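Below is one structure, written out as C-alpha cells; the observations come after it.
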Amino acid sequence: MNILIIGSGGREHALGWKLKQSPRCGRLFFAPGNAGTARLGTNVPLKADKIDTKAVDAIDFFCRQEKIELIVIGPEDPLAQGLADRLARPGRHVFGPVAAAARLEADKAWAKQLMRAASVPTAEARTFTDAESALAYVKSRQEPMVVKAAGLAKGKGVVVCDDAGQAVAAVRQIMVDQAFGPAGEVVVIEEKLLGQEVSVLALVDGRNIFVLDPAQDHKQVNEGDTGPNTGGMGAYSPTPLIDDALMTRIQREVFVPVVDALHRDEIEFRGVLYAGLMLTAAGPKVLEFNCRFGDPETQALMLRLKADLVDVMIATCTGTLDQVDLAWDPRCACCVVMASGGYPGSYATGVPITGIDEAEKLPGVSVFHAGTARDKEGQLVTAGGRVLNICALGQDLKAAQQQANAACAQIHFEGAHYRKDIGFRVM
Ligand code: AMP
Ligand code: GLY
C-alpha cells in the first residue's frame, strides 16, 4: 500500500518510521517532509498549509499518479481547512478527521460549548466576541485567569495570567492588536486550573474509541518547567500519573460523551482525538482538544506501539478498530527535543548538524528529525526551532531519560539546547 504523509515535523517522521515497519507499507511519501524523512521515503514538494482548490488538486493528482491508498494528515491546519473532506475518494483512506470534527481543536469556543452540553469536566469559561466586554469581565475578576484566542494560533494563543492586569494585557494583545489575526476574533476566558498536565490520545473510528497509553509533555523551554512555552521540549510515555481506574474514568467522562455529542450533531470523528487534561484535586478536566497526533508525544508513543500502524490506521478509517489489538512495549519511552539557539524566540537556520549516526548506535535510541534540511553541498543543517527529537526506550523512565540524554550528548550544532529533565515531575 503506497502511503502519503502530510507534514514536516518529528511527529510525521515518527509516524513514517512506524508505518514503514509494516509489511503492508509500499512506497512512502512525505509532503513536504524534512531531511530525516527523505531517508525513509520520498519527499514531495506539495503545499498543504493553505488548502485552496489548487493545493487540493495538486495533492489529488499526485495521489492518483502514485496510486496512494492511505493519506495521513499530521498537522491541525490542513485538517481544520477540510483537507480530509476534500481528498476523500473511493479506494483511498484518509487518516484524520473532517473539518466539522477538527473544529474541536480549531474553535475553542465551540469546543467549550460542546463540552458543557455533554457535561464533560473542563474549566469554567466565558466566551467574548468584543474586546470591551472581555476587558470589563477580566477587570471584575480577582482570581487567576487563562485567556485564549478561540482559533488556531500555532499553540501560542493561550496566555495563563496570575492577575487582572496580565489578563487585560492578554485580551488587548489578542483582540485589539490582533496578534493572532482572525484566530483572536473570539476569546475564551477561563479559570486557571491547578495540577499536573497529561496528554491522552485516543483513536476514534466514528464509533469505537481506543485510548492510547498516556503521555506527558513538557512545554516550557527550561528545566524545571520554567521559562516561556514552546511547541514542546520533550515527552515520555507511559506516565504513572494515570492508572487503569483513572483511565477508565477519563474514557467515560471525556471521550465517550464527546464522541456521542458529535454524533448527535451528525459529525463522525475518525482519527486521533487528543485530550489535554489537567489532573486537578476535583478530578481530570479538559484543557483542550486536538484533532491529531500530539508532537512530541507521538514520537515517544511510536517507540512503544507494538501493533502494525498500517492496520491500525486503516481500521480507524474503516470503523473496524474493535478488530485490532493495540499492544504496547511495557518499557518507557522518553523523547528529548534538541532546539536551535534562541528558540522559542528568533533563531538562525542553516547551522550544520553532526553526530546523529553516533547517537543512533546507542541501544534503544531513535532519532527523528523535526526542523532539518540539506544545504547545497548535501550537509545536514538546521531548518527550524525544534530541530531533532532524540528518543530512547528504557526499563524505566530514569533509564529512558538517561539514554536519550546520552544520545543528545553525541549530537552537535551551534547553539543547540535541550532539557535533561524530561519526566522529572514523576521521578
Ligand atoms: P491549550 O492550547 O488550551 O492546551 O493551552 C496551552 C497551555 O496553557 C496548556 O498546555 C496549559 O499548560 C495551559 N492552560 C490552558 N488552559 C489552562 C487552564 N484552564 N488552567 C491552567 N493552565 C491552562
Ligand atoms: N504536545 C502538544 C501538542 O501536540 O499540541
Side-chain angles (χ1 to χ4, degrees), residues 7 9-12 14-15 74-77 79-80 102 104-112 115 120-127 141 143-162 166-167 170 174 180 183-184 186-201 212 214-221 225-237 239 254 271-282 284-302 335-337 344 370 386 389 422 425:
R11 165 183 52 205
E12 287 76 20
L15 291 172
E76 62 275 21
D77 280 308
L79 290 165
L104 270 182
E105 174 168 4
D107 182 351
K108 288 182 193 288
W110 183 78
K112 201 54 128 177
M115 282 189 266
V120 171
T122 182
E124 286 300 323
R126 287 191 51 182
T127 294
R141 307 274 299 179
E143 306 78 16
M145 281 166 280
V146 182
V147 180
K148 302 183 174 188
L152 290 180
K154 309 222 176 292
K156 295 185 189 130
V158 174
V159 189
V160 180
C161 308
D162 290 321
Q166 289 177 4
I174 296 172
F180 309 108
V186 175
V187 294
V188 175
I189 300 175
E190 62 184 42
E191 62 172 328
K192 181 179 170 184
L193 299 174
L194 297 176
Q196 291 237 30
E197 248 185 276
V198 289
S199 308
V200 180
L201 283 67
L212 308 186
Q216 183 171 48
D217 79 344
H218 292 275
K219 291 203 171 89
Q220 284 170 285
V221 70
D225 284 346
T226 57
N229 263 333
T230 70
M233 292 299 289
Y236 68 92
S237 169
T239 172
V254 176
V272 171
L273 180 54
Y274 163 144
L277 302 167
M278 191 74 93
L279 302 179
T280 74
K285 293 191 179 184
V286 176
L287 296 173
E288 64 161 344
F289 282 116
N290 294 324
C291 63
R292 50 164 176 86
F293 278 106
D295 189 339
E297 291 93 330
T298 301
Q299 291 84 313
L301 287 169
M302 288 305 117
C335 168
V336 178
V337 173
R386 293 190 292 170
N389 305 146
I422 300 306
R425 284 181 175 274

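Every number for a ligand or one of its atoms is a count from 1 in the order of the listing. Residues take their numbers from the sequence shown, with the count starting at 1. Quick caveat, the model's predicted, so the values are computed rather than measured.
Nearest heavy atoms, Leu104 versus Trp110: N-CZ3, 3.7 Å. The two residues Val286 and Thr122 make their nearest non-hydrogen contact at O-OG1, 2.8 Å.
When each of Lys219, His218, Gln220 is checked for a side chain to side chain donor-acceptor pair (under 3.5 Å) with Asp225, only His218 meets the rule. Residue Gln216 is tested with Gln196, Glu297, Arg425 for a side chain to side chain donor-acceptor pair (under 3.5 Å); the sole match is Gln196.
Residue Glu297 has at least one nitrogen or oxygen atom sitting less than 3.5 Å from a nitrogen or oxygen atom of ligand 2, judged on distance alone. Polar contact with ligand 2: present for Asp295 (N/O pair, distance under 3.5 Å). Residue Glu288 has at least one nitrogen or oxygen atom sitting less than 3.5 Å from a nitrogen or oxygen atom of ligand 1, judged on distance alone.
When the options Lys219, Met145, Glu105, Lys148 are ranked by their closest heavy atom to atom 3 (O) of ligand 1, first place goes to Lys148. In the candidate list Thr122, Leu193, Val158, Val158 is nearest to atom 8 (O) of ligand 1, counting heavy atoms. Across the listed options Glu190, Glu124, Glu197, Met278, Glu197 owns the non-hydrogen atom lying nearest to atom 9 (C) of ligand 1.
For atom 14 (N) of ligand 1, the closest heavy atom belonging to the protein is Val160 CG2, 4.1 Å. Among all non-hydrogen protein atoms, the one lying nearest atom 5 (O) of ligand 2 is Arg292 NH2, 2.9 Å.
In this structure Leu279 satisfies the side-chain contact (heavy atoms from CB on, under 4.5 Å) test together with Val198, Leu241, Ile242, Leu246, Pro284, sequence neighbours excluded.
Each of the following atoms of ligand 1 lies closer than 4.0 Å to a heavy atom of Leu287: 3 (O), 11 (C), 16 (N), 17 (C), 18 (C), 19 (N), 23 (C). For ligand 2, the atoms sitting less than 4.0 Å from at least one non-hydrogen atom of Gly294 are 4 (O), numbered in the order shown with element in parentheses. Residue Asp217 has at least one heavy-atom neighbour below 4.0 Å for each of these atoms of ligand 2: 1 (N), 2 (C). Here is the list of ligand 1 atoms found below 4.0 Å of a heavy atom in Glu191: 18 (C), 19 (N), 20 (N).
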Scan the side chains in residues 143-153 for donor-acceptor partners under 3.5 Å anywhere in the protein, sequence neighbours excluded, and list what turns up.
| unit_1 | atom_1 | unit_2 | atom_2 | d |
| --- | --- | --- | --- | --- |
| Lys148 | NZ | Glu190 | OE2 | 3.1 |
| Lys148 | NZ | Leu287 | O | 2.9 |

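No side-chain donor-acceptor contact under 3.5 Å links Arg386 to the backbone of Val337.
Within the structure, the closest approach of Tyr274 to ligand 2 falls below 4.0 Å when heavy atoms are considered.
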Working for side-chain contact (heavy atoms from CB on, under 4.5 Å), residues Ile189 and Arg141: CA-CA 11 Å; Ile189 300 175; Arg141 307 274 299 179; over 6 Å; no
Derivation and outcome, side-chain contact (heavy atoms from CB on, under 4.5 Å), residues Gln166 and Val159: CA-CA 9 Å; Gln166 289 177 4; Val159 189; over 6 Å; no
